[in-house]
Each structure stands twice: as structure tokens, then as C-alpha cells.
Amino acid sequence: MSIKPARTRVAPSPTGHAHLATARVALYDYLLAKKTGGQFVLRIEDTDLKRTVPGTEQEIFDGLRWLGLQYDEGPDIGGKFGPYRQTERREIYMHHSKTLVGNGSAYPCFCTADHLEKVKQEQMKRKENPHYDGTCRNIDPGEAARRIANGEKYTIRFKMPKEGVTIAHDHVRGDIVTENAQLNDYILMKSDGLPTYHFAATVDDHEMQITHVLRGSEWLGTFPLHVNIVRAFGWEEPVWVHLSVFLKPSGKGKLSKRDTTLAASEGYSVFIKDMNELGFTPEGVNNWVALMGWGVAEDDVMNLDQMIERFSIDHLTPSPAAINFQKLDHFNATHIRLFTTEDLAGRIKPYFTREGLNVSDDVLLKVVPLLRERLVTLDDCLSFGSFFFKDDVTPAPEDLIAKGLDAKQSAAVAQRVYQILLAQPDISHERCEPPLRAYVEESGLNANQVFGNLRVATTGQKVSPPLFETMEIIGREKCLARIKNAIEVLEKM
RNA sequence: GCCCCCAUCGUCUAGUGGCCCAGGACGAAGCCCUCUCAAGGCUUAAACCGGGAUUCGAAUUCCCGUGGGGGCACCA
């Protein structure tokens with residue numbers, strides 16, 4: 001494997017909640033950088049002042065850290081290619097735009113937004129493709145300078161070649177050939193003095209010495225522009241990789257707001273910030289997201305280190321991928337089963353305490369092995385194991401009645417079980433299981449009837465971790481008290 | 001409307017001309033295990049969008065359809 005260190009970057013805009021697509025690009029960027037011994041950079045693309053949402057930048061920082069994708073350079077940690085927020089790099093773009101105007105690759109444009117809109121309407125009426133009509137393309141430089149000096153508002157446009165084709169090379173798709181006549185004189189610098197995405201990103205990628213640009217395929221349309229900008233400067237091109245888009249779970253259309261709400265109603269989310277609260281783990285999310293767009297033949301359960309080991313941009317896939325939350329569940333559950341007891345204990349504890357439960361670490365450490373393979377999401381620990389941390393349980397009376405028996409018979413069974421347990425010196429599962437099984441035998445009842453009854457009595461619920469191990473953790477005194485209570489309830493029915 | 005991209009089981013994918021009557025994973029179905037729920041084990045169903053062309057040979061190359069997706073802003 002070639003070992004030239006790659007510098008990669010994820011460049012989200014702080015305009016909304018960071019979501020899955022950002023997580024995936026960041027993951028691939030991170031994997032590629034780590035694999036090659038390079039750096040992974042976070043850059044904030046905040047040039048659209050109107051759309052910036054306060055707080056979302058912090059959400060990006062937090063989200064990436066939660067995922068374990070710590071960047072080597074970024075706005076909150078610095079680095080030698082900073083600043084890493086585009087609004088703090090105005091002079092850099094200004095400087096470079098002058099270079100392009102100077103070498104004839106770009107020009108100032110004085111057209112107003114109103115004028116542009118009118119032109120566009122007319123073009124559409126004539127069924128032409130909307131494009132800049134070139135009013136300012138050939139303004140004499142002297143005149144332009146005069147108008148600028150006069151305080152006239154202007155933008156800087158890229159002077160796209162009128163003829164020929166642009167060949168842009170994408171690493172997963174090969175050469176993409178576009179007729180220059182299809183291309184527009186895109187705006188590089190807005191009249192507010194800030195750059196557009198196209199300009200800012202290409203300038204920054206060069207300035208920050210980014211070697212591999214990974215981004216969503218929504219950029220394919222303006223890809224030729226970006227390539228032309230790089231070439232107008234005479235800079236070296238990075239390796240371009242356009243990733244597939246995420247489609248809604250049905251596969252029909254790309255993820256929309258509506259799907260987002262739907263996901264939320266079913267306990268899922270496409271926002272990174274929600275994942276933790278919903279009980280998903282960074283390992284699960286990373287693994288899930290990694291495999292949408294990265295083809296792995298077999299053994300697809302991987303942690304970050306294993307992904308670094310195996311990752312290659314040669315195995316990225318170009319086709320759109322429908323997201324599948326069932327698979328998220330699967331990866332999450334699988335990773336949970338791989339966690340050590342201590343690790344998992346630390347991860348589920350907050351879900352208990354969040355519910356106001358008093359969690360003793362001693363008990364928790366004993367509970368975890370019983371819970372581990374039953375958890376799909378971390379917060380499932382609540383439904384399976386809350387009773388471990390409660391003083392009392394209050395089973396629904398009807399649940400105490402064993403299948404096929406009535407209340408009175410159930411009470412008798414419980415009574416018998418109580419006597420058997422009382423006779424044991426301790427409540428270890430090794431000690432208690434044999435005599436109770438013997439009782440099942442001699443009573444002619446089935447295990448389900450006896451143990452089910454006991455389960456509800458001691459845990460308060462019909463579904464629980466394995467009974468005997470569970471009772472052992474609950475403790476002799478509490479178990480006996482709970483069974484006694486159950487008997488009373490049954491006798492009153 | 002114009003431009004661009006994509007196309008293997010329901011879904012994510014492996015496959016880079018013969019190893020493919022197409023492999024893995026999720027999901028589904030069945031069986032085993034079993035004190036509930038899980039986990040685990042075994043098994044089954046399930047795909048190369050259509051048509052041409054190249055070739056001794058095509059899921060794999062080319063062309064044309066069709067379908068899906070993206071873009072056509074002083075938004076990213």
C-alpha cells in the first residue's frame with residue numbers, strides 16, 4: 001500500500017443539525033488520514049451568514065468527538081493552516097480572487113440581483129437554460145476599476161471557457177466530461193465580500209494542503225467549475241472522491257424532513273446529536289454508516305482500528321444508498337456484545353441514573369453480563385434491568401397467575417417455592433436451581449409455570465434476564481419478601 | 001426543459017472477461033437450544049433492469065432504451 005500521508009478534511013456548514021452524511025464523510029476522511037499517517041482537518045464553512053444557526057458549530061465539534069473522530073486541526077484546537085473558519089479567512093479569498101482577475105480568469109460583475117432575476121425569467125420563458133448572460137464579462141478593466149472606486153457593488157465571476165470540454169477526474173467514477181458551453185460564469189466572491197462555496201473550498205483545500213477531497217455527490221454538478229478554478233491558479237489538484245447520497249429507507253428519493261420526523265417517531269434519528277440519547281453507540285453508528293458506500297465482502301463488524309486497517313478509497317461505491325435503521329440496530333447490538341463488562345457498565349449507568357435510580361457499581365457490574373446480549377440500544381437496559389435498582393416491585397396481579405392455573409393454585413406454587421428457597425443456606429443460582437427443578441418434576445407442572453410465576457414475583461415483570469442469576473443479584477432477603485408479597489396478592493384474588 | 005451521475009437478492013454490498021447455475025451481511029421463514037426475552041447454531045427463500053454489439057466466453061467491455069438520483073442561486 002502506498003504510504004504517502006493524506007491530508008483530508010470535513011467541511012460542514014453550521015446551518016443545521018449535523019447528520020449522517022457528515023458523519024460518513026468525516027469517518028472516511030479520518031480513516032484515510034489515519035491509515036496513511038496523515039492528518040484529518042475540520043473546517044467550518046460559514047460563509048452564508050444568513051443561514052448560520054448558532055450552536056450548530058459546537059454540535060459539529062461534539063458530534064465528531066462523540067463518534068471518536070478527533071480531528072488533528074480545527075477551529076477549536078488550531079493548527080498550522082488556520083484559521084479554520086472561513087469567515088476568518090476573508091483576506092485570503094480576497095487576495096486569491098485578485099490573482100484570478102489579474103490573470104484574466106475572473107472578472108468583476110456589477111449586475112444587480114434584480115437584473116439577474118429578470119434575465120433568468122426571460123431565459124426560462126424562452127425555454128433556454130438559465131445562465132449568466134455575460135453582461136459584465138468583457139467590461140474594460142479600467143472602467144471596472146473606476147466603477148469599483150465609485151463604490152458600486154460588485155461580485156467576482158469566473159470566466160468559464162466558452163468552448164471545448166472540461167475533463168474532471170473522480171476517483172470512483174473516472175473521467176467526467178462536460179461541455180464548457182453547459183457551464184456558467186459562476187460567482188466566486190459575493191458582493192458582501194465573502195466567497196461562495198466553490199471558491200472558498202478550492203482555495204482552502206489548496207492552502208491547507210488537502211490531498212484528498214471527499215464530499216457528497218451533490219457537488220458533481222459544479223465539479224468542473226472547481227477543477228477549472230484549481231487549473232486557473234495552476235495548482236495541483238487533489239484526488240477527488242464523490243460519495244453516494246443517502247436515500248430514504250424506502251429507497252425512493254433522498255432523505256427529507258419528513259423522513260427525519262418519521263425516524264424520530266420510531267426511535268431513530270439521522271442527527272448525530274440524538275444518537276447517544278437514543279442508546280446508540282459510536283461503534284454502532286460508525287460501523288453502520290461506514291458500510292453505506294464502502295463495499296466490504298465479509299466480516300463487516302469492525303471497530304475504528306479495524307476499519308483503518310481495511311479502508312481504501314478504491315472500494316468506495318458510487319450508487320445511492322437507502323438507509324436502513326434495522327441495520328443500525330444490528331451493528332449497535334453486535335458492538336454492545338463486544339464491550340467488556342466494565343466498559344458496558346460505564347455506558348449504561350447514565351441511562352439508569354437519568355431515571356432517578358440509585359445505581360451501586362457493585363450491583364451494576366454483576367448485572368451487566370446478564371443484560372449484555374439482550375440490549376439492542378443502551379437504553380434497553382431500563383426495560384430489562386431497572387428492577388435491580390429498586391427497593392420494591394409491584395407486579396400486575398394478573399401476571400402472577402401462572403399459565404393454565406388459577407390464582408389459588410398459583411399461590412400454592414409460590415408458597416412451595418418460598419419454602420424451598422427458605423430452606424437453602426444462600427440464594428446462589430447453583431444452590432437454588434436444582435431443588436426448584438426437582439419441584440417442577442414432582443409437581444407435574446412445567447418449568448414455565450413455576451419459573452414464570454417466580455420471575456414475575458421477584459422482578460415484577462414477565463420478561464427478565466435469566467431467573468436464577470437474577471435472583472442471586474437481587475439477594476435472598478428481597479427475593480423472599482417479594483415472593484411473600486406475591487402470595488398475599490394471589491390469595492386476595 | 002437542459003446537464004451530470006448511478007443501476008447485482010426487499011436493503012447494504014462482493015464481483016475489475018472464464019474460479020459465478022453469482023458470495024457475505026441485515027431483514028424474512030423454518031428447525032435446534034431454552035425458565036421469559038435474547039444470544040447462539042443449522043437450514044431455506046431471495047438478485048445480475050431490458051435490448052443490441054464485441055468475444056470462443058460477459059454480472060463484468062461498448063451502444064441504445066428504461067428506471068432511480070443529483071444539479072441548473074450573490075446556499076452550501
Side-chain angles (χ1 to χ4, degrees), chain A residues 11-16 45-48 50-51 109 111-113 116-117 120 124 127-131 153-157 170 172-173 176-179 181-184 186-192 194-198 200-201 215-224 242 244-245 247 249-254 288 291-301 314-315 317-331 333 337 371-376 380 383-384 433 436-437 440 446-456 459 461-468 470:
Chain A
S13 294
T15 53
E45 310 227 327
D46 56 351
T47 57
D48 188 347
K50 291 187 285 290
R51 291 204 310 152
C109 169
C111 296
T112 62
L116 261 18
E117 182 58 30
K120 187 172 153 190
M124 296 205 342
K127 301 223 178 209
E128 285 175 27
N129 291 332
H131 63 281
K153 283 261 188 194
Y154 68 100
T155 61
I156 302 288
R157 284 184 185 272
D170 174 80
V172 303
R173 289 158 227 266
I176 292 168
V177 183
T178 312
E179 303 254 354
Q182 294 296 335
L183 269 14
N184 213 339
Y186 294 93
I187 288 174
L188 267 22
M189 294 291 287
K190 301 183 277 187
S191 57
D192 64 2
L194 282 166
T196 57
Y197 166 85
H198 314 296
R215 40 145 66 153
S217 63
E218 64 268 26
W219 295 112
L220 236 27
T222 44
F223 182 26
H242 292 89
S244 58
V245 289
L247 269 23
S250 65
K252 303 239 175 278
K254 83 167 197 177
W288 177 52
L291 263 21
M292 288 187 286
W294 171 17
V296 172
E298 277 168 53
D299 300 324
D300 60 0
V301 175
D314 297 343
H315 294 133
T317 57
S319 39
I323 65 167
N324 179 347
F325 289 114
Q326 286 178 317
K327 208 144 184 173
L328 204 212
D329 281 341
H330 165 254
F331 281 120
R337 275 176 251 134
L371 255 31
R372 180 161 26 219
E373 62 214 28
R374 272 161 262 267
L375 306 181
V376 171
D380 286 343
S383 57
F384 276 110
E433 185 165 353
L436 286 171
R437 288 218 179 262
V440 169
N446 63 43
N448 238 325
Q449 291 171 305
V450 178
F451 298 156
N453 175 275
L454 184 53
R455 178 190 318 283
V456 175
T459 69
Q461 48 195 56
K462 292 206 275 194
V463 174
S464 84
L467 183 59
F468 300 104
T470 296

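In what follows, every chain begins at residue 1, and chains take the letters A, B, ... in the order their sequences are listed. Just so you know, these numbers come straight off a predicted model, no measurement behind them. All values below were derived from every heavy atom in this structure, side-chain atoms included, with hydrogens, water molecules and symmetry-related copies excluded.
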Problem - Rounded distance (Å) that lies between atom P of B:rC3 and atom CE of A:Met124 - result: 17 Å

Please produce a list of atom pairs where a protein N or O lies less than 3.5 Å from an N or O of nucleotides 40-49 of chain B.
residue, atom, partner, partner atom, Å
B:rG40, OP1, A:Arg337, NH1, 3.2

Practice task
Return the nucleotide paired to B:rC35: Watson-Crick means purine N1 to pyrimidine N3 with N6-O4 or O6-N4, wobble means G-U with N1-O2 and O6-N3, both under 3.5 Å.
Solution key: none

Practice task
Determine yes or no for a side-chain-to-main-chain donor-acceptor pair under 3.5 angstrom, with A:Lys190 supplying the side chain and A:Thr47 the backbone.
Solution key: yes

Exercise for the section: Assign A:Val301 to base, sugar-phosphate, or nothing according to its heavy-atom contacts below 4.0 angstrom with the strands shown. Expected result: nothing

Exercise for the section: Indicate the ring-plane relationship of A:Tyr186 and A:His198, choosing parallel, tilted or perpendicular according to the 30° and 60° boundaries. Expected result: tilted

Practice task
Answer with base, sugar-phosphate or nothing: what part of the nucleic acid does A:Pro224 contact at a heavy-atom distance below 4.0 Å?
Solution key: nothing

Practice task
Mark yes or no for whether A:Asp380, through its side chain, and A:Val376, through its backbone, hold a donor-acceptor pair below 3.5 Å.
Solution key: yes

Practice task
Using the closest heavy atom to pick a nucleotide of RNA chain B for each, name whichever of A:Lys462 or A:Ser319 lands nearer the 5' end.
Solution key: A:Ser319

Exercise for the section: Indicate whether OP1 or OP2 belonging to B:rC37 is found under 4.0 Å from a side-chain N or O atom of A:Ser464. Expected result: no

Exercise for the section: Describe the nucleic acid contact of A:Gly295 in one word from base, sugar-phosphate, nothing, applying a heavy-atom distance below 4.0 Å. Expected result: sugar-phosphate

Handout entry: B:rC9 and B:rU44, which share atom name C1', separated by this distance in whole Å
Key = 14 Å

Practice task
For A:Tyr154, look at atom OH and say whether over 12 heavy atoms of other residues, nucleotides or ligands are found less than 6.0 Å away.
Solution key: no

Completion exercise
Its contact letters, B for base, S for sugar-phosphate only and - for none at protein heavy atoms under 4.0 Å, make nucleotides 63-76 of chain B read ------SSSSSBBB

Problem - All side chain to side chain donor-acceptor pair (under 3.5 Å) counterparts of A:Thr317, not counting sequence neighbours - result: none

Practice task
Whole angstrom is fine here: how far is it from CH2 in A:Trp288 over to C1' in B:rU13?
Solution key: 16 Å

Fill in the blank from the handout: Of A:Leu467 and A:Arg173, the one whose closest nucleotide on RNA chain B sits nearer the 5' end is A:Arg173

